[in-house]
Amino acid sequence: MKVLGIESSCDECAAAVVEDGRKILSNVVNTQTVHAAYNGVVPEIASRTHTEWIYAVVQQALDGAGLGPGDIDGVAATSRPGLLGSLLVGLSFAKAFAWARGLPFIAVNHMLAHLYASRLEQAPVPYPFLGLLVSGGHSLICRVDDFDDITVLGTTVDDAAGEAFDKVSKHYGFGYPGGAAIDRLARSGDPEAFNFPLPNLHKGQHPYDLSYSGLKTAVINQLEQFRRRPAPVASPPSPPAGAAAGAGEGADIAASFQRAAVEILLRSLFRAAGDTGLGVVVAGGGVAANSYLRERLAARQDLRCVFPPLELCGDNGAMVAGIGCRYLARGERSPLTVTASARVEGFKRKYP
Ligand code: KG4
Ligand code: ZN
């Protein structure tokens, strides 16, 4: 079964063809670089850009797979969560494609698709396992019993993990998108240079929940302290653009922030692994590309950690086509009246 998958939930305009839920025949991801000028995604510009690009991206995905529209057996698209205007472009295009060719259509959840990414092109991990889903909009620690059956054990009470990377990067002028910029810069910094606070959430009833607003505020406050200090007599050769921190300090901030941000995830994840007895973690989402997170998880002898390849961590159509294939193979269909939703909704939540 060859499924066309379309992803347009944020600033990636993406389409792919996946065969039998595992084999990637093509995977086209066009990132809207226009948002760099604003240091963040502008929803109105994102949806308009999807409208301009979607046809060519789908055409490239078909061409890349060496297929015509008549060779496709089903169509999948992300319907939630994400930016509403952006979602509607890919979703409507996918529905129109399916309707015009009389093909089965399925709408999929973006976070479940991120989780599915690790099952593409590599041996699938047997269920159950722990899922670590970390993106720009969501952070979920969950028990995974099937590709469409997750129970959320922990989630963020404020900012998502990727959002914290993006906001810190924006304040310091480290670059956009923030996660990849901080990851790069942190390599030349000292992760112990600043001791940023970790949230103290775990005494209550939600021991796996996460919080990023305190860390984000502390890191941004540090920038204010840099700004208030007297200017050096001879200014450093090339401080990072827009930053009051010197070049070395910028790298130290990035490394120290990244250490704390990853520590927040790992504290909850390791606690959940201990309590549930699940010894395998499968990660997904843009933040799963983080090199320090990967390093820290690889160092755990008692946990097996499986990541999607780097190119499948961020938003892509292959994960949508892959999971779409699983639903379609089970005989599931979405009505063409299905609409988009900004919210993640619908997951079971378990309070220990
Ligand atoms: O899954 P994704 O591509 O889009 C959403 O569903 O949100 O995730 C994007 C997020 C952004 O916040 C971005 O800064 C972050 O993933 N990200 C990273 C890295 N690469 C992307 N965060 C930390 N380290 C990275 N290497
Ligand atoms: Zn995503």
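Side chains are part of it too, since the values below use all heavy atoms of this structure and drop only hydrogens, waters and symmetry mates. Computed from a predicted model, the values in this text were never measured in an experiment. One-based numbering along the sequence shown. Atoms within a ligand are numbered from 1 in the order they appear, just like the ligands themselves.
Within a radius of less than 2.8 Å around the Zn ion (ligand 2), the protein N, O or S atoms are H110 NE2, H114 NE2, D315 OD1.
Protein heavy atom nearest atom 18 (C) of ligand 1, with residue, atom name and distance: G179 CA, 3.4 Å. At the shortest separation from atom 2 (P) of ligand 1 among protein heavy atoms lies D315 OD1, 3.3 Å. In terms of protein heavy atoms, atom 26 (N) of ligand 1 is closest to D183 OD2, 2.9 Å. For atom 6 (O) of ligand 1, the closest non-hydrogen atom of the protein is H110 NE2, 3.0 Å. With hydrogens left out, the protein atom closest to atom 17 (N) of ligand 1 is G286 O, 3.5 Å, a heavy atom. Of the protein's heavy atoms, D166 OD1, 2.6 Å lies nearest to atom 14 (O) of ligand 1. The closest protein non-hydrogen atom to atom 7 (O) of ligand 1 is G136 N, 2.8 Å.
Take S169 and apply the side-chain contact (heavy atoms from CB on, under 4.5 Å) test, not counting sequence neighbours, and it matches F174, A181, I182. In this view, D71 satisfies the side-chain hydrogen bond (donor to acceptor under 3.5 Å, both in side chains) rule with no residue, not counting sequence neighbours.
A salt bridge links D302 and R300; the closest N-O separation between the charged side-chain nitrogens and carboxylate oxygens is under 4.0 Å. The existence of a salt bridge linking R326 and E332 is excluded, since no basic side-chain nitrogen approaches an acidic carboxylate oxygen closer than 4.0 Å.
When the shell of 6.0 Å around OH of Y55 is examined, it contains 12 or fewer heavy atoms from other residues, nucleotides or ligands. In R330, the CZ atom is crowded: over 12 heavy atoms of neighbouring residues, nucleotides or ligands sit closer than 6.0 Å.
In the vicinity of A180, heavy-atom distances shorter than 4.0 Å reach the ligand 1 atoms 19 (C), 20 (N), 25 (C), 26 (N). Close contacts of ligand 1 with G137, meaning ligand atoms under 4.0 Å from a residue heavy atom, involve 7 (O). Every atom of ligand 1 with a heavy atom of G162 under 4.0 Å away is listed here by number and element: 12 (O). Near A289, meaning under 4.0 Å from any of its heavy atoms, are these atoms of ligand 1: 26 (N).
Taking the side chain as every heavy atom from C-beta outward, L215 and L198 never approach each other to under 4.5 Å. The closest side-chain heavy-atom distance from R333 to L328 is below 4.5 Å. R349 places a side-chain heavy atom less than 4.5 Å from the side chain of T155.
With 3.5 Å as the limit, one finds no donor-acceptor pair spanning the side chains of N221 and Q225. Under the 3.5 Å distance criterion, with hydrogens and angles disregarded, a donor-acceptor pair is assigned to the side chains of S341 and E345. Counting only N and O atoms by type, the side chains of D166 and Y176 include no donor and acceptor under 3.5 Å apart.
Polar contact with ligand 1: absent for G314 (N/O pair, distance under 3.5 Å). For ligand 1, none of its N or O atoms has an N or O atom of F165 under 3.5 Å away. In terms of N/O distances under 3.5 Å, ligand 1 is approached by N290. Here's the thing with C313: none of its N/O atoms is less than 3.5 angstrom from an N/O atom of ligand 1.
Residue pairs meeting the ring pair (Phe, Tyr, Trp, His ring centres under 6.0 Å) criterion with at least one partner in residues 288-338, sequence neighbours excluded, are F147-Y327.
Look at R184 and you'll find every heavy atom at least 4.0 Å from all atoms of ligand 1.
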